[in-house]
Amino acid sequence: MRQRYDFGYFLSEGFHSIFTHGFMSFAAVCMIVCCLLIMGSFTLVAVNAENMFSDLEAENQFTAFIDESIPQEEARALQDDIEAVPNVARAEFVTKEEAQADFEADYEGNPLFEGLPSTVYRDRFHIYLDDISQLTETEEAVKEVAGVADTQSAPEIAEGFTVIRNIAGAVAVILVVILLAVSLFIIANTIKLATFNRREEIAIMKMCGATNAFVRWPFVFEGLILGLVGAVAAFFLQWGIYVLVGRAISGEDTISLITVLPFQPMALRVLGVFVLTGFVIGAGGSVLAIRKFLQV
Amino acid sequence: MRQRYDFGYFLSEGFHSIFTHGFMSFAAVCMIVCCLLIMGSFTLVAVNAENMFSDLEAENQFTAFIDESIPQEEARALQDDIEAVPNVARAEFVTKEEAQADFEADYEGNPLFEGLPSTVYRDRFHIYLDDISQLTETEEAVKEVAGVADTQSAPEIAEGFTVIRNIAGAVAVILVVILLAVSLFIIANTIKLATFNRREEIAIMKMCGATNAFVRWPFVFEGLILGLVGAVAAFFLQWGIYVLVGRAISGEDTISLITVLPFQPMALRVLGVFVLTGFVIGAGGSVLAIRKFLQV
Amino acid sequence: MIRLIDIQKSYDNGTKALKGVNLRIDDGEFVFLVGPSGSGKSTIIKLITAEIAPSGGRLMVNGYNLNNIRPRQVPFMRRTLGVIFQDFRLIEKKTVKENLTFAMRAVGASPREIRKRVPYVLELVGLDQKGDRMPSQLSGGEQQRVAIARALVNNPKMIIADEPTGNLDPMRSLEIMMLLERINELGTTLLVVTHEKELVNRFSKRVVAIENGRIISDETGGYYNNETTI
Amino acid sequence: MIRLIDIQKSYDNGTKALKGVNLRIDDGEFVFLVGPSGSGKSTIIKLITAEIAPSGGRLMVNGYNLNNIRPRQVPFMRRTLGVIFQDFRLIEKKTVKENLTFAMRAVGASPREIRKRVPYVLELVGLDQKGDRMPSQLSGGEQQRVAIARALVNNPKMIIADEPTGNLDPMRSLEIMMLLERINELGTTLLVVTHEKELVNRFSKRVVAIENGRIISDETGGYYNNETTI
Ligand SMILES: Nc1ncnc2c1ncn2[C@@H]1O[C@H](COP(=O)(O)OP(=O)(O)OP(=O)(O)O)[C@@H](O)[C@H]1O
Ligand SMILES: Nc1ncnc2c1ncn2[C@@H]1O[C@H](COP(=O)(O)OP(=O)(O)OP(=O)(O)O)[C@@H](O)[C@H]1O
Ligand SMILES: [Mg+2]
Ligand SMILES: [Mg+2]
């Protein structure tokens, strides 16, 4: 006798079951929401931090002084040679007069440096890097460029940033992985708990001559629906929380040191990941949870 | 008829019940462990970050230049006056010769400043602050001190640190609060799920003439034991994770920019908080969960 | 003493299970309650045990007025009753002995009393060998006997039995009934719901017949309403 | 056709419930299985439905050899049986109608068949008014009748009934038995466990008596082993 699979029936059974086991379904959805929120919030904080770090890095640079014997026009022409050096993102020419003006502005009111002759300053390039961790190598390479007399940088700061970024990245990855593992565990646990008192129901179904597949399908749909509902709820909550926290930060951050990424551009990706995770967790969790009960 | 309360009996019933409902108990303990771990890890990361920030802040300072007309010995004597200013943590005297040596070391190899006469430098104090956010006020106050000619600071950096610290602090607090709320919710949910199929058991007990208190007490003990077990397990796991992560960071952080606080001094406090939370969550959760079932 | 005065009971879905029942059972009586399936017998039992509340009428059980009993008084009222439920209601996660022990603990019995009483009652129902089994490890009839044992274990003032012999073979049924009769002779009031015509006729007791939520006959002397029998 | 050859059954805790049972029930037979509480009747039923596996001996049910049946074949074997369980086993979260519908769906019946068959069977057991109730909203006897209806609904080759009338009044019991007899006359095999001496004697059928895990008599003609009766 061939089994007839009526997916409309399975879907409607799965859907019904959600209401029949109202509290259990509610609990499962809540757990899914909680776990997605935890993971989501984390990943978003990490993405923002990463973004901030790369912003800060963009401001990391060193200075290359040009030989005093080279006239200003020729010096300016060195820009192409310098930008050709690997890992140099951009070089910015600064004349000795500009440099003097900058310096004096920084030390304004400090009588010490007043009236230093402009000749002691030299033409220079501010050189911005792609990867701050290769600062030393790049500095050496720039020194090799004909016309560059000397370079000056603060390697400790660069190194500091690299270390902090690496560590922060590692901590974030570890936390997200732990949270993911914990969340999966929590959800699996919840679904197991929620289906625990359906052991008898399943046993009765099997006694009526139902095949395993026939018993399982409604659970799959139930899981999918719960996962979807959880994912969508988590998505909107995540959005709300993100916007609120972002607003709070902007309010606090009067000097706009921190730029919070806008949510919209990430929205679709977040929703996609949430829904996919919800589906996998919901359906997979239900099926795994009832597997043992099917041995009747 | 007075009810006799035999707590030994309640305790043994609660204990038994843990094994009788083995999977449920296991699930509840796991959830408690998960939640405590999430909260604990977070709080520990936050504590470390806070500690690091205050380290960085300790290096925030400004410089007060002493009037050139004042001889060095008198200048050095101003230290007490300066340290008396509110919010000044510590003042450090630097003679003009030392200042020149420092300056030249910083700009070593830069022919620009070679041979600047030592007289252009002035005696100075490096002043360290308690609270970096009050930099401007403190600077004004120090300027009022007789003998101080001028001060010099980099207010943007100070402000930047303040903002970052505030935001990081706020984000940490928000995350910990959210995690706490989510954890409580998860645990309450779990206990409710775990006790859901004891509805009938409780109804039968009530039908036998048991009072609410008689039914409830074993649940209280069960909850306390589960909470305790969860807390202790979470504590050791937390310890292990902390040490491992700390070791990983030290390995990465070759220039020892980041100091990971040792776990031992915090251990007792962590254990205390965990056990207390475990007790409250376990016992409170059970009692709340069965409350509805008692209306029979 | 039980007194039902014009008791009505409608369930949430609108079913009128009892439509004005008047019944008085005095201390020391032995009463059979008979009637077809769905006539309202278990509903009367559930009202007496305060498991459900009446929709109308007045209800007194062993001196407690169930119309306005305070929730914290209910356990004490229940301790005057030993109830055998139609669906047994054993605690699935406790052994037979633990089920009985719990029932005694719940009313505040001392460990000493429990150690003496439990084996005695188990022997009465023929389960002395099976005290350490879980309910799921017993046959239907054995579970029913555990339910009977639990009702007896606290020596209650009154025993209420809802089909106590539905799963028992005729010999066991007779044994249990004779046991209940003996207990009644020692002063315990008995209200027994049953379908077993033979038993009802064998014991010449008061028989209350209910049909469709109304009492249709109430006579003493081993009488089982003829119109509804085979 | 059922064939038990020297069947032994020991439960996990060591209880020897069956100690070598030989029983052959041919297609179209009507067999009563009687015996005292705990004698092993339900154990035989559970073996036939493949709910438990025998510890020894050979077991054949409707052409399936249960000694080495593949797990995926079990549902198809079960579809040849309609089983009335001693503890009803209704799905608590489905209404009466849904319980029957599920049983039909599970064997692949079409919605059309279901719409025709379910009300018909409900009427047979006298529950046409209560199709939309949850099992918990029914009296004991009504739940038992739902269990009976579910066993009938798929028109199985064989009906196995474990005390199908334990919670029913004598008139209902007789009705159900007469219904089962009629079904048997249409070709369905019947195995009925019962304690009701009167019913067994009224229908002159084959009676298998079991005691203490062994078959002690197997005779045709309305016989209820005299030594164990009242
Ligand atoms: N919880 C409930 N909700 C709605 N209706 C109910 C509920 N419990 C019982 N009923 C209905 O009330 C009526 C009386 O039920 P009751 O259980 O008292 O019958 P009974 O006399 O004990 O029958 P039986 O001999 O079959 O056990 C029946 O029609 C039943 O369907
Ligand atoms: N799961 C089990 N584990 C251990 N022993 C069991 C189990 N189920 C039944 N038994 C024992 O096996 C024996 C036979 O049980 P069975 O249920 O077959 O009896 P029965 O003839 O159906 O009795 P009844 O008429 O009381 O229902 C009994 O002694 C019972 O205690
Ligand atoms: Mg009833
Ligand atoms: Mg049985």
Query - C/Y11 atom OH, over 12 foreign heavy atoms within 6.0 Å - result: yes
Requested in this report: Just give me the residue among D/T43, D/T15, D/D87, D/L138 that pairs up with chain C most often, heavy atom to heavy atom, under 4.5 Å.
Outcome: D/T15
**Report entry** Among the listed options C/S42, C/G140, C/G40, the residue most often paired with chain D at heavy-atom distances under 4.5 Å
**Finding:** C/G140
Requested in this report: Could you give me the CA-CA distance, side-chain angles and deciding distance for D/N167 and C/E163, then say whether side chain to side chain contact (heavy atoms under 4.5 Å, CB included) is met?
Outcome: CA-CA 8 Å; D/N167 285 273; C/E163 309 221 20; 4.2 Å; yes
Requested in this report: Give, for atom CD of D/E198 and atom CD of C/E196, the distance between the pair rounded to the nearest 0.5 Å.
Outcome: 10.0 Å
Query raised in the report: More than 12 foreign heavy atoms under 6.0 Å from CD of D/E181: is that the case here?
Result: yes
Query raised in the report: Shortest non-hydrogen contact from D/G141 to C/Q86?
Result: N-NE2, 4.2 Å
Query - Single hit among C/E142, C/M171, C/Q143 for side chain to side chain contact (heavy atoms under 4.5 Å, CB included) with D/S37 - result: C/E142
Report task. Tell me, with the steps shown, if D/N13 and C/R133 meet side chain to side chain contact (heavy atoms under 4.5 Å, CB included). Result -> CA-CA 9 Å; D/N13 66 349; C/R133 299 259 191 105; 2.9 Å; yes
